[in-house]
Amino acid sequence: MTKAIPKIGSRRRVRTGLRRNTRFSLRKSARRITKGVIHVQASFNNTIITVTDPQGRVVFWSSAGTCGFKSSRKASPYAGQRTAVDAIRTVGLQRAEVMVKGAGSGRDAALRAIAKSGVRLSCIRDVTPMPHNGCRPPKKRRL
């Protein structure tokens, strides 16, 4: 019986000093801004809210999934409301513009939550993309 010859360099090198015993936070702490733009994207499956400063740099974002909702509950109006409250409370906005995109069920609930939160809204804009007879739609389903 022959003995197996170990390969040279088969041991893993252990690097020291790369890992520290610090715990990484899951999300960065959001910057505090007083004026910004709130983007509400309401799809049929989820509601995503992004808060940006006036130049367009993302300060904080939140979605129904990150607020703890799973599967079909992400598409509910209550999930849209909770997502909006979470995003605004974290950033601490005072004045904002709102850009709404999509036709999901969380759209109106998110708008109501933003209005009730005490943020002064300068304008609410609907930026849902509408085709000007662009691409040909898929053929009709036959059941």
Side-chain angles (χ1 to χ4, degrees), residues 4-143:
I5 301 171
K7 292 182 181 177
I8 297 173
S10 62
R11 293 184 185 171
R12 298 174 104 186
R13 292 184 180 173
V14 179
R15 295 184 191 178
T16 57
L18 290 180
R19 290 187 183 179
R20 296 186 181 130
N21 290 333
T22 58
R23 188 171 190 154
F24 295 106
S25 64
L26 294 176
R27 298 187 71 161
K28 279 186 171 179
S29 59
R31 290 190 341 232
R32 292 284 195 182
I33 57 172
T34 56
K35 187 177 180 187
V37 183
I38 303 171
H39 299 269
V40 178
Q41 182 181 353
S43 67
F44 292 112
N45 297 322
N46 202 353
T47 304
I48 301 170
I49 295 184
T50 309
V51 180
T52 65
D53 60 2
Q55 284 79 35
R57 294 183 297 240
V58 175
V59 177
F60 187 78
W61 66 270
S62 181
S63 70
T66 60
C67 288
F69 295 94
K70 291 185 178 179
S71 66
S72 62
R73 285 190 286 274
K74 291 193 295 186
S76 66
Y78 179 65
Q81 175 186 345
R82 287 284 306 271
T83 306
V85 169
D86 177 48
I88 292 170
R89 196 176 286 160
T90 308
V91 176
L93 279 174
Q94 294 171 357
R95 303 167 92 209
E97 297 179 18
V98 179
M99 307 253 195
V100 184
K101 182 191 284 187
S105 61
R107 165 191 174 124
D108 295 330
L111 272 176
R112 270 189 244 114
I114 291 168
K116 282 185 181 177
S117 67
V119 177
R120 291 179 59 195
L121 300 178
S122 57
C123 71
I124 300 172
R125 208 175 293 163
D126 187 8
V127 290
T128 305
M130 296 294 285
H132 299 283
N133 277 355
C135 298
R136 182 176 177 150
K139 63 182 181 180
K140 296 271 187 186
R141 282 185 65 193
R142 286 182 287 202
L143 297 173

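Side chains are part of it too, since the values below use all heavy atoms of this structure and drop only hydrogens, waters and symmetry mates.
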Specify the closest pair of heavy atoms between [X] and [Y], including all atoms of both residues, with the distance to one decimal.
X      : Y     : result
Ser117 : Ile88 : OG-CD1, 3.7 Å
Pro54  : Lys35 : CD-O, 3.4 Å
Val91  : Phe60 : CG2-CB, 3.5 Å
Val127 : Met99 : CG1-SD, 3.9 Å
Ala103 : Phe44 : O-CE2, 3.6 Å
Arg82  : Cys67 : O-SG, 4.3 Å

Taking the side chain as every heavy atom from C-beta outward, state whether [X] and [Y] have any atom pair closer than 4.5 Å.
X      : Y      : result
Ile114 : Val40  : yes
Val98  : Arg125 : no
Pro129 : Lys101 : yes
Trp61  : Thr66  : yes
Ile33  : Leu93  : yes

Point-to-point distance, once rounded to the nearest 0.5 Å, from CG of Leu121 to CD1 of Ile38: 6.5 Å

Is the backbone N or O of Gln94 less than 3.5 Å from a side-chain atom of Arg120, with the two atoms forming a donor-acceptor pair by type? no

If we ignore hydrogens and angles and just use 3.5 Å, is the side chain of Thr83 paired with the main-chain N or O of Ala79 as donor and acceptor? yes

Before giving the answer on side-chain contact (heavy atoms from CB on, under 4.5 Å), spell out for Thr47 and Gln41 the whole-Å C-alpha distance, their side-chain angles and the decisive distance to 0.1 Å. CA-CA 6 Å; Thr47 304; Gln41 182 181 353; over 6 Å; no

Residue pair Asp126 / Thr128, side-chain donor-acceptor N/O under 3.5 Å: yes

Kindly determine whether Arg107 and Val100 satisfy side-chain contact (heavy atoms from CB on, under 4.5 Å), including the steps that lead there. CA-CA 7 Å; Arg107 165 191 174 124; Val100 184; 3.6 Å; yes

